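What follows is a short report on a single structure.
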Amino acid sequence: MSEHETFMRRAIEIARQALDEPGAMPYGAVVVKDGRIVGEGLNRVSALFDPTSHGEVEAVRDACRKLGTTWLDGAVVYTSCEPCAMCVSTMYMAGISRFYYANTIGESGEMWQRLLADDPRWVRRTDANDVRRETGLPIEQRRMSAERLLPDEGRAVLDGFVEKNRTRP
């Protein structure tokens with residue numbers, strides 16, 4: 001068995017926890033750095049009432065806490081499902097260099113369609129491909145409206161932060 005398969009099996013094992021854990025969804029991930037798992041995550045969106053609690057995001061959070069950094073340069077993510085736009089963005093923001101996945105976003109969407117068709121308890125889910133398209137658009141072209149307010153006051157905070165934290169010779 002290859003190292004890649006070992007790490008992917010762990011991500012899938014984490015996803016499998018959702019079969020027995022109320023409020024968990026079947027999406028698990030691990031962050032690997034220097035050949036060892038440094039973070040793990042399970043999607044607990046419903047359990048935590050947190051739409052950002054995706055497996056990949058939770059694994060990145062776990063790795064960052066354990067390593068005491070927000071920069072995971074050179075780390076790799078293994079995830080049970082192709083990541084959504086939010087998860088990919090999180091990985092970019094943390095410096096992840098590569099990811100491997102088992103299921104596709106399309107297969108995940110098919111699972112949700114089967115659930116929604118069979119059981120009205122399940123709430124409508126946002127289509128991951130739709131989010132991917134929307135977040136790639138310029139702000140003025142997105143369906144979610146946005147309006148800029150108080151730019152001068154906002155800028156003053158940014159300028160103040162730079163001034164307070166600037167290294168002086």
Side-chain angles (χ1 to χ4, degrees), residues 1-116 122-137 142 144 157-158 161-162 165 167:
M1 178 177 359
S2 76
E3 187 176 73
H4 292 304
E5 290 171 337
T6 299
F7 295 136
M8 183 58 74
R9 282 198 173 94
R10 179 61 186 147
I12 293 169
E13 181 182 326
I14 292 167
R16 190 173 285 115
Q17 292 174 17
L19 301 178
D20 298 316
E21 185 179 320
M25 301 296 162
Y27 307 102
V30 296
V31 175
V32 174
K33 188 164 174 62
D34 300 324
R36 67 183 181 91
I37 294 175
V38 295
E40 297 185 343
L42 173 64
N43 181 310
R44 290 190 171 95
V45 166
S46 295
L48 300 176
F49 303 102
D50 178 356
T52 69
S53 183
H54 288 201
E56 299 88 346
V57 173
E58 292 297 334
V60 167
R61 288 174 179 160
D62 187 41
C64 288
R65 277 190 299 268
K66 285 178 178 173
L67 298 176
T69 185
T70 58
W71 188 242
L72 301 172
D73 188 35
V76 177
V77 169
Y78 293 82
T79 178
S80 65
C81 190
E82 179 184 353
C84 72
M86 177 185 69
C87 294
V88 171
S89 296
T90 299
M91 289 188 280
Y92 271 114
M93 295 299 289
I96 300 292
S97 63
R98 182 181 186 112
F99 69 86
Y100 298 89
Y101 62 98
N103 295 307
T104 67
I105 281 184
E107 290 164 336
S108 174
E110 290 169 11
M111 176 201 74
W112 283 110
Q113 290 305 314
R114 291 194 320 260
L115 282 174
L116 292 168
W122 291 99
V123 297
R124 181 188 169 279
R125 301 284 175 194
T126 302
D127 179 274
N129 285 317
D130 187 46
V131 172
R132 189 176 276 169
R133 281 187 298 276
E134 283 290 313
T135 56
L137 293 172
R142 296 179 192 154
M144 182 188 297
V157 173
L158 298 179
F161 188 84
V162 167
N165 290 284
T167 304

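All of these numbers come straight from a predicted model, not from anything done at the bench.
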How would you list all residue pairs meeting ring-ring contact (aromatic ring centres under 6.0 Å, His included) that involve residues 67-89, not counting sequence neighbours? His4-Tyr78, Phe7-Tyr78, Tyr78-Tyr100

Any ring-ring contact (aromatic ring centres under 6.0 Å, His included) pairs touching residues 23-56, not counting sequence neighbours?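 ring-ring contact (aromatic ring centres under 6.0 Å, His included) check on residues 23-56 returns no pairs.
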
Quick check: do [X] and [Y] have side-chain heavy atoms less than 4.5 Å from each other?
X	Y	result
Arg44	Gln17	yes
Glu107	Cys81	no
Met86	Val57	yes

For a side-chain contact (heavy atoms from CB on, under 4.5 Å) with Ile37, tell me which candidate from Asp62, Thr6, Val32 qualifies.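 That would be Val32; it is the only one of Asp62, Thr6, Val32 passing the side-chain contact (heavy atoms from CB on, under 4.5 Å) with Ile37.
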
Sole candidate of Thr90, Ile96, Val88 that passes side-chain contact (heavy atoms from CB on, under 4.5 Å) when paired with Pro83: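 Of the listed options, the one satisfying the test is Val88.
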
Given Ser97 and Asp73, is the side chain to side chain contact (heavy atoms under 4.5 Å, CB included) satisfied, shown in steps? CA-CA 7 Å; Ser97 63; Asp73 188 35; 5.8 Å; no

With a sphere of 6.0 Å drawn around OH of Tyr101, does it hold more than 12 non-hydrogen atoms of other residues, nucleotides or ligands? no

Please say whether more than 12 non-hydrogen atoms of neighbouring residues, nucleotides or ligands are located less than 6.0 Å from CZ in Arg142. yes

Show the numbers, then the answer: is there a salt bridge (charged side-chain N to carboxylate O under 4.0 Å, His left out) between Arg16 and Glu13? CA-CA 5 Å; Arg16 190 173 285 115; Glu13 181 182 326; over 6 Å; no

Rounded distance [0.5 Å steps], [atom1] in [X] versus [atom2] in [Y]:
X	Y	atom1	atom2	value
Met25	Leu42	CE	CG	10.0 Å
Lys33	Leu72	NZ	CG	7.0 Å
Asn43	Ile14	CG	CD1	12.5 Å
Arg65	Leu67	CZ	CG	11.0 Å
Ser80	Glu56	OG	CD	7.0 Å

Does the pair Met111 and Asn103 meet the rule for a side chain to side chain contact (heavy atoms under 4.5 Å, CB included), with working shown? CA-CA 11 Å; Met111 176 201 74; Asn103 295 307; over 6 Å; no

Can any side-chain N or O of Glu82 pair as donor or acceptor with the backbone N or O of Ile105 at less than 3.5 Å? yes

Flag, side chain of Thr69 to backbone of Cys64, donor-acceptor distance under 3.5 Å: no

Verdict with reasoning, Thr52 to Arg61, per side chain to side chain contact (heavy atoms under 4.5 Å, CB included): CA-CA 11 Å; Thr52 69; Arg61 288 174 179 160; 2.9 Å; yes

